[in-house]
Amino acid sequence: MLDILRRIVQEVSSATDLSDALKVVVARIRAAMNTEVCSVYLFDPESKRYVLMATEGLKQEAVGRVSLSSSQGLVGLVGSREEPINVDNAPTHPRFHFLSETGEDPFLSFLGVPIIHHKRLMGVMVVQQRDSRQFDESEEAFLVTMSAQLAGVIAHAEATGNILDIPSATNERKKSTRFNGAPGAPGVGLGQAFVLSPAADLSGVVDKEAESVDDEIGRFDLALEAAREEIRILGEKLSSELRPEEMALFDVYLNMLDDHALGAEVKARIREGSWAQGALRQVVMQYVGHFQLMEDVYLRERATDIIDLGTRILAHLQGSDAHAQEYEFPDDTILVSEELTPAMLGEVPPGKLRGLVSVKGSSNSHVAILARAMGIPTVMGVVDVPYAQLHGLELIVDGYRGQIFSSPNDELREQYQAIFDEEQALQKDLQVLRDEPAETLDGHRIPLWVNTGLITDAVRSLERGAEGVGLYRTEVPFMMKDRFPSESEQQKIYRQQLETFAPNPVTMRTLDIGGDKALTYFPINEANPFLGWRGIRVTLDHPEIFLVQIRAMLKASEGLNNLRIMLPMITSVSEVDEALHLIYRAHAEVLEEGFDVEMPQVGVMIEVPAAVYQIRELGQRVDFLSVGSNDLTQYLLAVDRNNPRVADLYQAFHPAVLTALKMIADMAHEIGKPVSVCGELAGNPLGAVLLMAMGYDMMSMNATNLPKVKSVIRGISREWADQLLAEVLQIESAPVITATLQLSLEKAGFGRIIGPGRN
Ligand code: PEP
Ligand code: MG
């Protein structure tokens, strides 16, 4: 069965549209099950009817014409029950509905199974037979398995059909199609999709012998140099958006194009007699295919980059030079690619880029980090999207929710245009709050700090009126390099952060890698990375990395003394003790070296459920506590924060999360320690109101949301927030809590700030 299934899935996946895909499905299943009829009815949500979309065995004229309401026939019954119906004499069944157009009268036995994709009922798959007999258990199991597997493929084909606007009985007019991914950078972008696909196809290169080895090496050298030049130019194009230190990523690419790395291997193959294109393909594919086996760790984790670079070189070898020439980007470009790379960002002239969509990657990919710093709405890891067919289509990017919409209808476009306009106007209006304190009407003040990673973030944060940095994610500068930055390199980068905000405090988190945050030069391959070697676990196992980082932080703070150090992923007190021991040691060493620095405040992140139950013990050891609500939510609810499939289950306002947050604040105050939140919840105006009421002493958030949170806090009283919190803590369901918060804030006059789809 698995074999048949695999073959059918493969064939269906390569079909070009929905109708072709379904034709394959019914033909293959009928043959595999050796029955007389196999049909697929798809549910049309607009007419709420099941439409016969493909059949083998019934009359072809009926396809697209015949339909059943949800309460009609056995098909309707399968759909409403969402379970298989298996009867040996269908016409005698009380729910049987005779369709004369299909010519199904001679068929007595009927087996129907629902087609369900991600909880959505897509339709019903039916097999029928002339004889009156019950399909046996194994046949039923076969059809159920087929249907479950094919649901995804059919959903994909349906989406493709919608995109291509294939006229069909269920689809008279163009439909807006939604695809889900993960939020990469907040904001809403409307524009025209520009699909950037590789200029040349490496996998299509044939093997040939070199006519002249010297000529081929000469050609290759020229192509390599041209690709290097191209990367340099692309990097320069981004230099107005990013700081010089952040351009380090482009040096990584240039190093890979170095004569000693990829170049040397390709040349060796040319010397063995291959022509340049063939040698290049062989080397690139060898790296990609076997990168797990490579000794060179740095190359091992670089499969994507290698394909990108290899393709660029190939384009030059073929003389197509497509990357060197200017593309005609529309003024409102939404850049789409299977896997966006930072180099691709540089292709679009600044000012024309409205949004980014990457089929692969997560919110921690380089592109997403850069996009956040540059303020470009981005969606990453989009599921089931036939991205190549989006080119030229109107597209909406919702970077708040991690969704994209192709060919939006007027209503949807207007809705998103309104959000976009509001957002622009709001940010402008809120500018006046820049130097105002976040203080409630009844005089309760709560400092609002920002989360940063790049220096570009820091500059934007100051413009938005941040009073300090609550979380500086030090892994970001580490991710921009192709090796661990040295102590002095780190010192320089940290100094910039500290200087930018001085005299306000900057909370630097020690390296938090693992989970979904990978360093290409320090790969961690694990079955369950979020439960594995992550954050403090890695750095305590590598004191040499930890000590260098702490020393760099301490040295950078000389004369400013506005440094705070924060430890991620703490699960046990022993980890804090060990880390503190190393921090004291680093401090002593730095003093010995002649630096005059005060011992900074040290804090612990509360992001693992175990830490919630040891707040007292942990808090007594350090100066402050800060809740990483992103991880705490994912661990409390056992929901991967980056998996779009379970995104609906990642509920920031789950009662268990709120109860834990309240408990943390209460216990921290019992032992007299300041406590803050630096997860996304703090930057959500609905969440911020609750956190303030819970008594949190400070909130740290992304720069984009800071003015919104400030505006809400300045417009309410602490008493009102306390009442709202008390009300919400009585509610048992996350959606009801969210709705209650939304309604209360709307009634209080903040409809504009919390606006639809922006939280
Ligand atoms: C968190 O987990 O809430 C947090 C702030 O850290 P990060 O998102 O970097 O894991
Ligand atoms: Mg975290």
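Order of listing sets the numbers, starting from 1, for every ligand and every atom in it.
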Which atoms of ligand 1 sit under 4.0 Å from any heavy atom of Cys678?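 Counting from 1, the qualifying ligand atoms are 5 (C).
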Which atoms of ligand 1 are found less than 4.0 Å from any heavy atom of Gly628?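 Contacts of ligand 1 toward Gly628, numbered from 1: 1 (C), 2 (O), 3 (O).
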Could you measure the distance from the CG atom of Leu706 to the CZ atom of Arg464? Nearest 0.5 Å is fine.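 Output value for this atom pair is 9.0 Å.
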To the nearest 0.5 angstrom, please state how far the OH atom of Tyr472 sits from the CE atom of Met508.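 Answer for the OH-CE pair, Tyr472 versus Met508, is 6.0 Å.
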Side chain or backbone of Glu680 under 4.0 Å from ligand 1, or both, or neither, by non-hydrogen atoms?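 Looking at Glu680 and ligand 1, no heavy atom falls under 4.0 Å.
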Taking atom types as modelled, find out whether [X] and [Y] have a side-chain donor-acceptor pair closer than 3.5 angstrom.
{"X": "Thr539", "Y": "Thr510", "result": "no"}
{"X": "Trp449", "Y": "Asn504", "result": "no"}
{"X": "Ser676", "Y": "Asp697", "result": "no"}
{"X": "Arg460", "Y": "Thr452", "result": "no"}

Is the Tyr696 to His669 ring centre distance short of 6.0 Å?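 Not close enough - the centres of the two rings lie 6.0 Å or further apart.
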Answer whether the closest heavy-atom distance between the side chains of Val689 and Leu741 falls below 4.5 Å.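 A side-chain contact under 4.5 Å is absent here.
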Could you check atom 6 (O) of ligand 1 against the protein and tell me its nearest heavy-atom contact, residue, atom and distance included?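 For this ligand atom, the closest protein heavy atom is Arg509 NH1, 3.0 Å.
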Considering non-hydrogen atoms of the protein only, which is the closest contact for atom 8 (O) of ligand 1, and what is the distance?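 The closest heavy atom on the protein side is Arg641 NH2, 2.7 Å.
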Can an N or O of Lys517 be found at a distance shorter than 3.5 Å from an N or O of ligand 1?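 Lys517 vs ligand 1: N/O contact under 3.5 Å present.
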At distances under 2.8 Å, what protein N, O or S atoms surround the Mg ion (ligand 2)?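 Near the Mg ion (ligand 2), below 2.8 Å, one finds Glu607 OE1, Asp631 OD2.
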Nearest non-hydrogen atom to atom 9 (O) of ligand 1 belongs to which of Met566, Gln634, Arg473?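 It is Arg473 whose heavy atom sits nearest to atom 9 (O) of ligand 1.
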Options Leu471, Val677, Asn630, ranked by nearest heavy atom to atom 3 (O) of ligand 1, top entry: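 Among Leu471, Val677, Asn630, the closest heavy atom to atom 3 (O) of ligand 1 comes from Asn630.
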Go through the structure and list residues passing salt bridge (Lys or Arg N to Asp or Glu O under 4.0 Å) with Lys492, not counting sequence neighbours.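 Lys492: no salt bridge (Lys or Arg N to Asp or Glu O under 4.0 Å) contacts found.
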Tell me, with the steps shown, if Glu439 and Lys710 meet salt bridge (Lys or Arg N to Asp or Glu O under 4.0 Å). CA-CA 8 Å; Glu439 188 174 307; Lys710 192 187 272 186; over 6 Å; no
